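Accompanying notes for the structure given below.
This structure is a prediction, so every number in the text was calculated from the model and none was measured.
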Amino acid sequence: GESNYADSHVNSKRHFIERRRYLSIFSEAIKQNRDKYWHNESFMKDSSPEEKDRWLKNILNDEASFRQNGVDGHYVFHESGLQIDSTAFLFVLKAWSSSNLNTAPQRCEEIISRMERIHAAAKAYQEDWNVTNNSNLKNERNENDVQKFVFHLQPTVECYNEVIRAWSNAKNPIVARAERWLDTMRRNRDYINELQKRMKGNVEGNYTQSNINEERYVDCAAIPNTESYNLFLSIVSKGHVKKTLLLRDNADKARYLLQEMIDIHKESGDDIAQPNTDSFNYVLRAITRSRSDVELTTKLMATLRLMESLQRESDNPDNAVVKPNTMTYCMAIDAFGISAYQKAFSSQKRKHFNENKVLPKTASEDDDFINEADPFKEIERAESILKYMHDLNSFGNVDVIPNNVAYNTIISAYSRISSEKYPDAPMQAESVLRRMIELSDKEIESAVAPDTRSYNTVIRCWANAKQNKSGIRAEWWLRKMWQDCEMSGVVPDVNTYNSVILAFLNIGQPVEAENLLKELLDMDRNNELRPNSESFALVIRAWMKYIKSEKENDVVQGCKNASKWLLTLLDKEDESQGYTTSPEVFSQMIQGIEFATRKSGDKTLLGIALEIFSKLQSSRHHLDAISYKCLLQIGNRTLTGPSNRKGRNKFNHTVIASCCEDGLLSKDFMSVLSNTSFQKNLGTGELRAIGEKYFSNWPLPNNWHRNVKPHHFVPSKKDCAIFLSQQSQD
């Protein structure tokens, strides 16, 4: 009889009959549970995830209403007849995973973990029910009721998928945490496969009740499906990690899982974990994220060819589950753009040759090496993929549309390599943009119509080239955008203007850059287009570049202009207009003024420097040791001669005292004090006063250099000794 299952063996035939009966019970239980109120789609429809979470906790934590039978049995049966099931957990999991809240992944993990514990308690209760000799316990519930409860409490693949989805939607997902839940389902699948092998090999019927119970639960255990893999692949392909090795590991992990999906589909013949187009696209995205991988294009093309071969092998290639689409080929184009950048600016191959002492021996071999590293050849391969997209589309493939994303990716490839070394890149980028304009003119709603990004990338390409005509060409495209905007609908944005300003900055034309900022401010007054913080920072940098130029420029006027725009930016920041300054802007300004004092000793420069330094002190930014060093140099280059002795003496003591008070006394600061020209300007009396007041006693107070990082920039005893010895000689 059934009461003796624990001590008896059953043959294979009886085992399979038992399995069918158990699955029919499960199906009936699902139908019964459809009447539960949380199965209603309108239940708590407008409630927040927190409210739904509290609802579930109230049910699970109401221990006074649960019978405590067996091992944690209070989780299984409710006095009111309420039977909690996996749908209740899934209801709350979905609420959290779709909320995009920062705590959503952790909350989902807490829920699924509790669900696993409750299911384990239910299994323990059933085992206790099966083997107990307590007739009272057996009379309370029949076997079918116990089986239904256990089935309903088992975490489903949908539940695990929602946890992985929560990590997928997170801003900074943790790959290992998401992988944990995928691996849980993968282990279930491996266990099922192992169990099936044992079943096939055990024809004598050596099954106990424990074996049957295990197999019953495994029949409904969560195993990963296509969505499970795709959700995890979306995480590893985000490229949110910054470390090169991690990006490469994520790409390799994605390729491994894709191959696993293919192998499972071929071995089992079912579609549970069959890879689809999204699966391949996630893997391709993961590969392109690993931008420093020199084998990037090789790996990507291998994956793409595998994708195309699976499409050809399908019964209906036009409607195949796996078939490349527009996104697929756009990522392939991007990969060759990345490869072009690698070959343009990376010396990895040359370094490899040098390390292995296999340098080219002849001029022809050296030419072969240079040609192999030609970035334009990589972009030509990208353009051939674009042409292939046009061919596929012309033959009726509606899934592959050569759109502006594909064209913009090629323009971006030219922009990446654009430099003084590759002066032809901007003209090549222009030719692609002109082709887009010509194609879009032929059709009213063309997918290849250029957008703002198309123009911005061409302008940035000119900015990167740093040619004499870069500013003129960049501005020409800006004016063309305004000229054609009524017909094209493409309007310049602040990034367009910033790119043109950058073009003028790079060739040392600050006046033209400043005029564009003024144009933006005029449009801002008319509520048309407003500059951003970067616009001001670029113009300030343009004047700093003008000051540091080898030409005989008016450095004082350059400092005045740069200061004017920095003060304007500070005023807008104070007015809370969405503007913000950065510590780098202040640092660049002070360093630029210090450079200007090498050409001019005008006291106006000191006044500008003191004003900027005062603004930096009162801002939210931290002071740095370099700013103090530059300020000391500015003061002593502008306050020269006996007539300025009193003011110079006061200035030096003020700066040194403030530097020590802020904990920024550095080795560089001490080197300025020990500089010969500095000491000649001060004279013996002033130097002696500084030495006696600040540096006569060693060690110096730790508080004076507490904010100097790294530690080797902290002044040493030798630095102080050099200053004091030179002072004695004077």
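- Taking the side chain as every heavy atom from C-beta outward, K469 and W462 approach each other to under 4.5 Å.
- When all heavy atoms are compared, the tightest approach of K667 to S716 is NZ-OG, 3.8 Å.
- Checking N495, N498, D493 one by one against N532, the side chain to side chain donor-acceptor pair (under 3.5 Å) holds for a single residue, N498.
- Within a 6.0 Å sphere centred on CD of E528, heavy atoms belonging to other residues, nucleotides or ligands number more than 12.
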Quiz item: Do D719 and F723 pass the side chain to side chain contact (heavy atoms under 4.5 Å, CB included) test, and can you show the C-alpha distance, the side-chain angles, and the key distance before you say yes or no?
Solution: CA-CA 7 Å; D719 296 321; F723 170 72; over 6 Å; no
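- In this structure, E611 and S563 approach most closely via the heavy-atom pair OE1-OG, 4.4 Å.
- The environment of Y579 atom OH is dense: over 12 non-hydrogen atoms of other residues, nucleotides or ligands sit within 6.0 angstrom.
- In the model, S454 has a side-chain atom that pairs as donor or acceptor with a side-chain atom of N408 under 3.5 Å.
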Self-check item: Candidate pair R637 and E594, rule salt bridge (charged side-chain N to carboxylate O under 4.0 Å, His left out), full reasoning
Solution: CA-CA 9 Å; R637 286 176 186 162; E594 183 273 323; 2.6 Å; yes
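- Side-chain contact of S666 with D668: a donor-acceptor pair under 3.5 Å is absent, judged by distance alone.
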Quiz prompt | Derivation and outcome, side chain to side chain contact (heavy atoms under 4.5 Å, CB included), residues V555 and F595 | solution = CA-CA 9 Å; V555 294; F595 190 91; over 6 Å; no
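- Note: H653 and Y694 have tilted aromatic rings, judged against thresholds of 30 and 60 degrees for the angle between ring planes.
- L538 CG to F504 CZ: the interatomic distance, rounded to the nearest 0.5 Å, is 13.0 Å.
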Quiz prompt | side-chain hydrogen bond (donor to acceptor under 3.5 Å, both in side chains) between Q557 and N561, worked out | solution = CA-CA 6 Å; Q557 187 59 46; N561 292 338; 3.0 Å; yes
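- Heavy-atom minimum distance, P423 versus Q467: O-NE2, 2.8 Å.
- For NZ of K599, the number of neighbouring non-hydrogen atoms (other residues, nucleotides, ligands) closer than 6.0 Å is greater than 12.
- Judged by distance alone, the side chains of R706 and N703 do bring a donor and an acceptor atom under 3.5 Å apart.
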Self-check item: S587 vs Q591, side-chain hydrogen bond (donor to acceptor under 3.5 Å, both in side chains): CA-CA, chis, key distance, verdict
Solution: CA-CA 6 Å; S587 181; Q591 291 180 52; 2.7 Å; yes
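- Environment of NZ in K615: sparse, with no more than 12 heavy atoms of neighbouring residues, nucleotides or ligands closer than 6.0 Å.
- The six-membered or imidazole ring of Y422 lies away from that of Y414, with a centre-to-centre distance of 6.0 Å or more.
- Residues K564 and T568 share a closest heavy-atom pair of O-OG1, 2.8 Å.
- Residues S339 and T297 bring no donor and acceptor atom of their side chains to less than 3.5 Å of each other.
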Self-check item: Audit row: D249, K243, salt bridge (charged side-chain N to carboxylate O under 4.0 Å, His left out) steps and yes/no
Solution: CA-CA 10 Å; D249 289 346; K243 293 185 178 180; over 6 Å; no
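- Geometrically, R473 engages W476 in a cation-pi contact defined by less than 6.0 Å to the ring centre and at most 45° from the axis.
- Checking N707 against D662 by side-chain atom types alone, no donor-acceptor pair falls below 3.5 Å.
- In this pair, W543 and Y546 present their aromatic rings perpendicular. The plane angle is above 60°, beyond the 30 to 60° band.
- Here the side chains of K238 and P173 are in contact, with some heavy-atom distance below 4.5 Å.
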